[in-house]
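See structure below.
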Amino acid sequence: HLIIFCNNKAHANIVYRQLYKRGVQSLLLVGGSRPPKKAGAKETPSKAGRERLSDEEEERLRLIARNSKRAPRGADAWERATWFAGQNDHAAAETAEQPEVDEVEAEEEAVAEDEEVEDTAAEPVSGVDIGDLKAPIPFFDREEVLRAFVSPGPIPPHLLPPLPADQVIESEGSAGPATSRKILVCTDLASRGLDTTCVTHVVLFDFPTTAIDYLHRSGRTARAGTRGKVTALVGKKDRRLADQIRLAIRQGGVIN
């Protein structure tokens, strides 16, 4: 079996969809996804606390949300950490001059800022369809995904990407239902605790950010005396850590 590791959910979803479009079926295992809340669920304490704010405090927060600006892109770490200082006094001074802020407008601006941060969280991958970049990340039960990965049977259809048939290329010899070889696309959620001897190859689509993560990802193969292979895609920003790991392996040193 094969495991492909990515540094974030967005990249894992891209690889998952791109493999399926090329006729290669795979499984997706990422963390952070949650099923929709059930009807009648209790409110979170943070939301209940926000409802107890006074009218003046709500007005002050709305003014801050509207008038505040982000730190400049070229700012250093200290400027990014302290850019908000003085915004409260600035908003309070303009309270008498500013008209009442529409709640809907302030909410729409906050949502737009959140979407912008979410879009820039993952680095862009060249040569990828824009539809895959914006595609929602599906939620699958972790135990069900792992059972499908280690079992000899085919991958259940509901664990495959919901793509139309005209976007999928049928290729002979691919990892489809007729083969016993499975592919798992995942984040570091599967780098610890997955103890199986069926993994013969680990691919690091995104190079890990620390040597410890490299050890845990690589340790998913060659277990219990079996042989395994690790293939890493190294970018320009990853060369320093990759060279240190390569040197430690050649010298028989400890990777830490």
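One is the number of the first residue; the rest follow in order along the sequence.
Between F140 and L28, the shortest heavy-atom distance links the atoms CD1-O, 3.8 Å. Nearest heavy atom pair, residue V234 against residue A242, reads CG1-CB, 3.9 Å. Heavy atoms only, all atoms of each residue included: I137 and A10 are closest at CD1-N, 4.0 Å. Scanning both residues, V185 and S26, for their nearest heavy atoms gives CG2-OG, 4.0 Å. Of all heavy-atom pairs between L241 and P208, the closest is CD2-O, 3.4 Å. Closest of all the heavy-atom pairs between R181 and H201 is NH2-CB, 4.2 Å.
Considering SG of C6 and CD1 of I14, their distance stands at 8.5 Å, rounded to 0.5 Å. Here the CG atom belonging to N8 is positioned 8.5 Å from the OG1 atom belonging to T187, to the nearest 0.5 angstrom. Going from atom SG of C198 over to atom CZ of R223 covers 11.0 Å, rounded to the nearest 0.5 Å. Here CG of L194 is found 11.0 Å from OG1 of T221. Values are rounded to the nearest 0.5 Å. We find the NZ-CG distance between K134 and N13 to be 13.0 Å, quoted to the nearest 0.5 Å. Here the CG atom belonging to L146 is positioned 9.0 Å from the CG atom belonging to L27, to the nearest 0.5 angstrom.
Not a single donor-acceptor pair under 3.5 Å links the side chain of R192 to the backbone N or O of H216. Judged purely by atom type and a 3.5 angstrom limit, D206 has no side-chain atom pairing as donor or acceptor with the backbone of F5. Between the R217 side chain and the S191 main chain, no donor and acceptor come within less than 3.5 Å of each other.
The closest side-chain heavy-atom distance from Y16 to I4 is not below 4.5 Å. Using a 4.5 Å heavy-atom threshold, the side chains of R246 and I249 count as separate. Side-chain contact between L2 and K182 is absent, with no heavy-atom pair separated by less than 4.5 Å. In this structure, the side chains of T231 and V202 stay at 4.5 Å or more apart for every pair of heavy atoms. When side chains are defined from C-beta on, D141 does not count as touching V145, because their heavy atoms never get closer than 4.5 Å. Residues R142 and L29 form a side-chain contact, since some pair of their non-hydrogen atoms from C-beta on lies under 4.5 Å apart.
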For residues 150-163, tabulate all N or O donor-acceptor pairs below 3.5 Å that involve a side-chain atom, not counting sequence neighbours.
unit_1: S151; atom_1: OG; unit_2: R147; atom_2: O; d: 3.1
unit_1: S151; atom_1: OG; unit_2: A148; atom_2: O; d: 3.2
unit_1: H158; atom_1: NE2; unit_2: E144; atom_2: OE2; d: 2.5

- Kindly indicate, with the supporting measurements, whether the criterion side-chain contact (heavy atoms from CB on, under 4.5 Å) is fulfilled by I3 and F149. CA-CA 10 Å; I3 297 182; F149 179 65; 3.9 Å; yes

